[in-house]
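Encoded as structure tokens, the structure appears first; notes follow it.
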Amino acid sequence: MSFPQGTIHDIDFKSNELDETLSLLVYLPATFSPLYNYSLLIVQDGKDYFQMGRLARYADELIAEKKMENIIIVGAHYRSVTDRRNKYHPAGEQNQAYIRFLSHELVPWIDKEYPTTGMGKGRTLMGDSLAGTVSLMAALKYPNIFGRVILHSPFVNDTVLKAVENHQTTSHLDIYHVIGKEETVVKVSKNRDFLTPNRELHELFKEKGYNTFYDEFDGGHSWKYWQPDVKRALLKMFS
């Protein structure tokens, strides 16, 4: 079945925080109008979510079926595997600069260029693996800017757990969090165990009183399993 398709625009964005030009993808729903205000979804690993995650296709479908609200999606992408780690990993050289880029540069630009709600709960960050990690860390650091986060198998270490433990405004953040039952040995991350620390993260979310959805899917650390879950994530956050 075909659905009305939104438009996707390629945009080069000059970041002063990162001292580079980033490649952005901006999705506007098929019925987009400057007369309405829209919730915003900012996606790390942007091209991966659009291509392998079928993000725009799922959005088109759910919006057409009136199962989710109209949203604007902005995807930010990395230049290389090394660049991705530098920006997304908590110990990455550009990690803090990337988080400042999201909050101090990208959000103000989007709010200026597009009719967004301009509220924390109207902005969601999303990412897989390290892209999920930086999304969570940005939301923790700027809870008044980002009110929701979608995490697909995030990388979790002591730095991440400590940031959650020290976070005070838990009522400001809604969390969608999934991890695969087979993610005890993740080959792309030096055979690291992702499942155990993600379970610790979930327990910490519960202890702290976050509004969180958590699930363990049958599968491992790959788009084969994240792709079908993107649709559910959209429904949970934007229905």
Side-chain angles (χ1 to χ4, degrees), residues 39-45 49 53 55 58-59 62 67-69 71 73 88-90 99 102-103 107 117 119-184 186 189 192-221 223 225-239:
S39 293
L40 173 65
L41 174 61
I42 297 176
V43 188
Q44 290 26 268
D45 281 359
Y49 267 95
L55 179 58
Y58 285 139
L62 296 173
K67 292 181 179 178
M68 67 173 275
E69 64 179 288
I71 63 172
I73 304 173
Y88 295 173
H89 194 285
I99 290 175
L102 289 174
S103 57
V107 165
T117 64
M119 298 183 296
K121 287 294 187 183
R123 300 190 192 99
T124 302
L125 293 171
M126 178 163 72
D128 63 289
S129 197
L130 277 176
T133 307
V134 73
S135 296
L136 174 60
M137 297 295 275
L140 292 173
K141 187 166 185 177
Y142 296 101
N144 294 322
I145 297 178
F146 305 110
R148 296 178 176 181
V149 63
I150 296 171
L151 308 174
H152 285 112
S153 305
F155 166 81
V156 178
N157 63 5
D158 288 342
T159 301
V160 175
L161 294 172
K162 186 175 295 184
V164 174
E165 179 65 39
N166 293 336
H167 189 238
Q168 301 300 319
T169 54
T170 57
S171 62
H172 290 185
L173 189 59
D174 297 339
I175 299 167
Y176 178 97
H177 179 199
V178 296
I179 183 72
K181 296 176 183 177
E182 297 175 15
E183 294 190 59
T184 52
V186 176
S189 187
R192 190 186 308 273
D193 175 9
F194 270 56
L195 179 58
T196 301
N198 267 272
R199 284 175 171 170
E200 292 178 26
L201 179 63
H202 171 58
E203 290 302 318
L204 187 55
F205 283 154
K206 288 199 302 181
E207 290 175 18
K208 296 283 289 184
Y210 287 91
N211 179 22
T212 181
F213 170 87
Y214 176 76
D215 190 33
E216 296 181 1
F217 57 82
D218 294 321
H221 196 82
W223 279 104
Y225 305 104
W226 297 328
Q227 182 194 83
D229 193 80
V230 169
K231 186 175 183 179
R232 180 175 66 172
L234 292 174
L235 279 170
K236 286 288 184 181
M237 284 302 197
F238 300 106
S239 61

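Along the sequence shown, residues carry numbers from 1.
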For this session: Would you kindly say whether H152 and Y49 are connected by a side-chain donor-acceptor distance under 3.5 Å?
Result: yes
Exercise. Is there side-chain contact between Y214 and I175, with at least one heavy-atom pair below 4.5 Å?
Worked result: no
Problem set entry | Nearest heavy atoms of L140 and P143, plus distance in Å | O-CD, 3.5 Å
For this session: Mark yes or no for whether Y88, through its side chain, and G132, through its backbone, hold a donor-acceptor pair below 3.5 Å.
Result: no
For this session: Side-chain contact test, heavy atoms from C-beta onward, threshold under 4.5 Å: evaluate it for V149 versus L151 and give yes or no.
Result: yes
Seminar exercise, completed: Minimal heavy-atom distance between G147 and K121, with the atoms involved, is O-NZ, 3.7 Å
For this session: Working to the nearest 0.5 Å, report the span between CG of L234 and CD1 of I71.
Result: 5.5 Å
For this session: Check whether any side-chain heavy atom of L41 sits under 4.5 Å from a side-chain heavy atom of F238, and report yes or no.
Result: yes
For this session: Quick one: pull up CG in L204 and CG in L201 and give me the separation to the nearest 0.5 Å.
Result: 6.5 Å
Exercise. Can a donor-acceptor pair be found between the side chains of S129 and H221 at a distance below 3.5 Å?
Worked result: yes
Exercise. Can you check whether N157 reaches H89 side chain to side chain, under 4.5 Å on heavy atoms?
Worked result: yes
For this session: Find out whether L161 and V156 are in side-chain contact, i.e. whether some heavy atom of one side chain is under 4.5 Å from a heavy atom of the other.
Result: yes
Exercise. Taking it one step at a time, do V178 and E216 satisfy side-chain contact (heavy atoms from CB on, under 4.5 Å)?
Worked result: CA-CA 6 Å; V178 296; E216 296 181 1; over 6 Å; no
Exercise. Between D215 and R232, is a side-chain contact (heavy atoms from CB on, under 4.5 Å) present by the stated rule, with each step listed?
Worked result: CA-CA 11 Å; D215 190 33; R232 180 175 66 172; 3.0 Å; yes
Problem set entry | With sequence neighbours excluded, residues passing side-chain hydrogen bond (donor to acceptor under 3.5 Å, both in side chains) with R148 | none
Exercise. Counting N and O atoms only, with roles assigned by atom type, does the side chain of S135 sit under 3.5 Å from a partner on the main chain of L125, one being a donor and the other an acceptor?
Worked result: no
Exercise. Side chains of Y142 and I99: does their closest heavy-atom pair fall under 4.5 Å?
Worked result: yes
Seminar exercise, completed: The ring pair (Phe, Tyr, Trp, His ring centres under 6.0 Å) partners of F146 (sequence neighbours excluded) come to none
Exercise. Closest heavy-atom contact between K208 and H167?
Worked result: NZ-O, 2.9 Å
Exercise. Between atom CD1 of I145 and atom CG of L102, what is the distance when rounded to the nearest 0.5 Å?
Worked result: 9.5 Å
Exercise. Quick one: CG on L62 to NZ on K231, what's the gap to the nearest 0.5 Å?
Worked result: 5.5 Å
For this session: Measure across S103 and V107 and return the closest heavy-atom pair with its distance rounded to 0.1 Å.
Result: O-CB, 3.9 Å
Problem set entry | Closest approach of A139 to L173 (non-hydrogen atoms, all atoms of both residues) | CB-CD1, 3.8 Å
Exercise. Any side-chain heavy atom of L40 within less than 4.5 Å of one from I42?
Worked result: yes
Exercise. Do we see a donor-acceptor contact under 3.5 Å between the side chains of N198 and H177?
Worked result: yes
Problem set entry | Exercise: identify the closest heavy-atom pair between V160 and F155 | CG2-O, 4.0 Å
Exercise. Below 4.0 angstrom, N of the basic side chain to O of the carboxylate: do E203 and K206 qualify?
Worked result: yes
Exercise. Parallel, tilted or perpendicular: which fits the ring planes of Y225 and F217, with parallel below 30° and perpendicular above 60°?
Worked result: parallel
Exercise. Taking atom CG of L55 and atom CD of Q227, what is their separation to the nearest 0.5 Å?
Worked result: 11.0 Å
Exercise. Rounded to the nearest 0.5 Å, how far apart are OH of Y58 and CG of D229?
Worked result: 9.5 Å
For this session: Salt-bridge test for E183 and R192: reply yes if a basic N is under 4.0 Å from a carboxylate O, no otherwise.
Result: no
Exercise. Is the backbone of F213 close enough, under 3.5 Å, to the side chain of K236 for a donor and an acceptor to pair up by distance?
Worked result: no
Problem set entry | Minimum side-chain heavy-atom gap R123-S39 below 4.5 Å | no
